[in-house]
Amino acid sequence: MAEYSINGTESLGVEFGSTRIKAVLVDSDCHPIAVGTYDWENKFENGFWTYDLSDVWTGLQSAYRDLSANVNDKFGAEIENLSSIGFSAMMHGYLPFDKDGNQLVPFRTWRNTTTQQAASKLTKLFHFNIPQRWSIAHLYQAILDNESHINAIDYLTTLAGYVHWKLSGQKVLGVGEASGMFPIDSDICDYDSNMIAAFSLLNEVKVCKWNIRDILPKVIQAGENAGRLTDEGALLIDPTGKLKPGVLMCPPEGDAGTGMVATNSVRVKTGNVSAGTSIFSMTVLDTPLKKVYEEIDMVTTPTGKPVAMVHCNNCCTDLDYWVNLFIEFSALTGVELSKSEIYDLLYNAALDGEKDCGGLVNINYFSGEPITKLESGKPLFVRTENAEFNLSNFMRAQIYSAVSTLKIGMEILEHEGVKIDTLMGHGGLFKTKFVGQKFMADAMNTPVSVMDTAGEGGAWGIAILARYAADNSGLPLEDYLDRFIFNSYTSSTVKPDENDVIGFNKYIELYKKAIKIEKNAVEILGS
């Protein structure tokens with residue numbers, strides 16, 4: 001049995017990711033001491049990517065049950081009291097409810113690209129980029145489409161906001177998560193009042209039976225009290241009744257904000273890149289961008305500082321499908337290799353590939369990709385007739401593909417003169433040591449660092465925010481992270497290789513040309 005004893009001073013962080021719900025329990029110093037997980041998948045139904053909200057509670061209870069079993073195995077104890085709890089989830093999307101708390105339409109996730117008309121109109125109205133996945137774009141598109149539920153809306157929130165509301169009764173969001181619903185004025189850490197007024201004056205909006213300000217969650221900053229776990233909420237997490245109510249809850253945050261916390265990237269001029277089902281970079285700005293770019297989201301840190309976000313809908317999904325094909329082949333041979341071993345073998349094989357992948361190119365689009373102006377996607381692998389078609393080049397092309405659309409978006413920040421000393425990497429792409437880190441460094445032509453905590457991810461990030469809410473040190477979040485969290489952790493840094501940068505740039509030019517083929521594939525093959 002471990003020396004540590006469960007004593008009620010622990011904090012819990014839970015993140016609802018695209019493919020996994022993860023719960024992380026940390027001690028009072030934010031060291032992870034137990035983990036629980038639950039795998040889930042989105043579905044494409046009636047023209048929308050969605051999750052059934054019943055799966056939210058099934059998944060949360062299963063992940064917490066897994067965590068509790070882990071605690072019991074390691075420490076011979078039950079979780080009864082906690083110092084604080086935090087919940088995070090994939091950002092954006094559309095979750096409207098009526099005055100009785102009834103869900104009005106199925107959850108429309110960040111992955112949907114069905115709001116182009118609304119997003120374009122709002123971008124012009126606000127002189128501020130409104131991406132298709134933002135909650136306000138979904139709302140306005142529903143208004144433009146005359147959807148029948150519009151006038152019944154009493155509350156509009158995100159997945160993280162929904163979970164927090166049901167567990168605490170509080171209709172609030174952390175400012176970073178709120179910045180993916182509606183633009184934020186960083187000077188006041190609240191929704192931009194001029195844009196609120198402009199939206200309210202739209203003819204289509206004026207006839208609605210609600211005021212936009214009244215149906216959005218209240219915005220609060222990291223470190224603030226966001227309510228406490230209710231009796232009903234405690235049972236929603238732990239139906240056994242062992243977990244006691246009354247636990248302090250921190251502001252719910254999105255996966256972008258928790259990724260920034262988990263990589264200590266909340267200071268000005270820091271940046272991080274999260275690479276999993278989707279891929280996005282976050283760069284904390286010292287000066288505003290000179291122009292409005294459709295490819296760049298302007299969001300905030302969990303304390304409200306402006307952040308340039310390059311978000312791509314597609315990253316590792318296609319890569320994972322190809323690896324699963326090799327896993328299936330391995331099983332046929334009778335060779336007993338674990339899934340992680342096969343991933344490591346294939347990733348490391350990519351290191352031996354030609355620097356430009358030898359004429360192979362892969363388009364990894366399972367869904368639409370706004371940066372390259374595609375409303376839907378079809379995974380596509382193409383090679384030239386003289387290509388060097390071998391395993392190393394193939395796997396290199398797969399990994400290059402996972403970061404290529406991000407590269408296209410990041411080129412805009414390069415042209416704006418935005419400088420990043422080091423990108424902090426986290427997410428599934430970096431699980432195999434060195435490989436994803438190296439290819440990311442070469443693609444971005446920037447050093448990429450990965451902390452020894454990278455595997456903990458956003459669930460650990462929201463656990464830290466939960467602990468920060470319980471800690472009355474009064475320190476700004478940046479100083480709190482430096483002084484109390486990351487002072488004992490190490491990281492590894494990989495610098496870009498000049499020849500590999502040239503090779504990747506040659507590949508990205510072929511990738512951009514292949515986008516034209518992708519557009520034809522989407523048009524010809526349909527949905």
Side-chain angles (χ1 to χ4, degrees), residues 16-21 39-59 89-98 101-122 130-163 165 177 180-182 204 208 215-216 254-255 276-280 297 311-315 317-318 364-379 518 521-523 525-527:
F16 292 79
S18 300
T19 59
R20 185 174 63 164
I21 300 169
D39 292 335
W40 69 338
E41 286 286 351
N42 55 187
K43 300 170 286 187
F44 191 70
E45 294 181 346
N46 301 316
F48 293 100
W49 290 102
T50 188
Y51 297 82
D52 192 305
L53 292 192
S54 64
D55 293 337
V56 169
W57 306 113
T58 299
M90 47 196 141
M91 289 178 71
H92 318 296
Y94 187 65
L95 270 171
F97 299 88
D98 67 16
N102 299 310
Q103 184 182 3
L104 293 172
V105 296
F107 177 30
R108 298 171 185 175
T109 78
W110 60 270
R111 197 172 186 179
N112 290 287
T113 50
T114 56
T115 65
Q116 181 61 58
Q117 179 188 15
S120 296
K121 286 189 173 186
L122 292 175
I130 301 296
Q132 289 198 54
R133 64 188 175 278
W134 279 33
S135 305
I136 192 62
H138 281 282
L139 174 64
Y140 188 40
Q141 190 65 55
I143 293 171
L144 294 175
D145 292 341
N146 294 311
E147 293 195 35
S148 60
H149 72 278
I150 288 299
N151 280 320
I153 297 175
D154 183 71
Y155 183 46
L156 177 64
T157 190
T158 63
L159 181 56
Y162 165 73
V163 173
W165 169 40
E177 173 76 339
M181 290 195 77
F182 194 94
E204 305 94 333
C208 295
I215 66 172
L216 291 174
D255 50 359
T277 302
S278 63
I279 184 169
F280 55 86
D297 298 16
H311 185 284
C312 312
N313 288 348
N314 301 276
C315 184
T317 300
D318 193 35
N364 62 328
Y365 294 175
F366 268 74
S367 61
E369 197 58 83
I371 283 181
T372 48
K373 308 298 189 291
L374 278 153
E375 292 189 4
S376 60
K378 293 288 180 288
E518 172 72 7
V522 169
E523 181 180 343
L525 297 178
S527 59

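In this structure, the separation between CD on Gln103 and NE2 on His149 is 10.5 Å, given to the nearest 0.5 Å. Atom-to-atom distance recorded for Leu139:CG and Ile215:CD1 is 5.0 Å, nearest 0.5 angstrom. Note that CZ of Phe182 is 11.5 Å distant from CG of Leu156, once rounded to the nearest 0.5 Å. One distance of note links CG of Leu216 with CD1 of Ile136; it measures 6.5 Å at 0.5 Å rounding. Here the straight-line distance linking atom CD of Gln116 with atom NZ of Lys121 works out to 12.0 Å at 0.5 Å rounding. Interatomic distance, SG of Cys208 versus CD1 of Ile143, reported as 4.0 Å (0.5 Å rounding).
Looking at heavy atoms from C-beta onward, Glu369 lies in side-chain contact with Cys312 at the 4.5 angstrom threshold. No side-chain heavy atom of Gln132 sits under 4.5 Å from any side-chain heavy atom of Thr114. Looking at heavy atoms from C-beta onward, Thr113 lies in side-chain contact with Pro370 at the 4.5 angstrom threshold. Contact of the Trp134 side chain with the Asp297 side chain is registered, since non-hydrogen atoms from C-beta on lie closer than 4.5 Å. Two residues are said to be in side-chain contact when any heavy atoms from C-beta on lie closer than 4.5 Å; Asn313 and Trp110 meet this criterion. Using a 4.5 Å heavy-atom cutoff, the side chains of Val163 and Val56 are in contact. Taking 4.5 Å as the limit, every side-chain heavy atom of Pro106 sits out of range of all side-chain heavy atoms of Glu45.
Sorted by first and then second residue, the salt bridge (charged side-chain N to carboxylate O under 4.0 Å, His left out) pairs involving residues 144-162 (not counting sequence neighbours) are Arg108-Glu147, Asp154-Lys171.
Side-chain contact, Ser376 with Tyr365: no donor N or O sits under 3.5 Å from an acceptor N or O. Gln117 and Gln141 form a side-chain donor-acceptor contact under 3.5 Å, judged by distance and modelled atom types alone.
Between Thr115 and Arg133 the shortest heavy-atom distance is OG1-N, 4.5 Å. Scanning all heavy atoms of the two residues, the minimum distance from Ala137 to Pro131 falls at CB-O, 3.6 Å. Considering every non-hydrogen atom in both His311 and Ile371, the closest pair reads O-CD1, 3.6 Å.
Panel note: side chain Asn314, backbone Phe366; a donor-acceptor pair is recorded below 3.5 Å. Within the 3.5 Å criterion, the main-chain N or O of Asp318 finds no donor-acceptor partner in the side chain of Asn364. Counting only distance, with no hydrogens or angles, the side chain of Ser135 and the backbone of Met181 share no donor-acceptor pair below 3.5 Å. Proximity of a side-chain donor or acceptor of Thr158 to a complementary backbone N or O of Gly161 within less than 3.5 Å is detected.
Within a 6.0 Å radius of CG in Asn102, other residues, nucleotides and ligands contribute more than 12 heavy atoms.
For Thr109, the side chain to side chain contact (heavy atoms under 4.5 Å, CB included) partners are Trp49, Tyr51, Phe107, Arg111, Asn112, not counting sequence neighbours. Residues meeting the ring-ring contact (aromatic ring centres under 6.0 Å, His included) test with Phe48, sequence neighbours left out: none.
Using cut-offs of 30° and 60° on the angle between ring planes, the pair His138 and Tyr94 is parallel.
Residue Tyr162 is tested with Phe97, Phe16, Tyr155 for a ring-ring contact (aromatic ring centres under 6.0 Å, His included); the sole match is Phe97.
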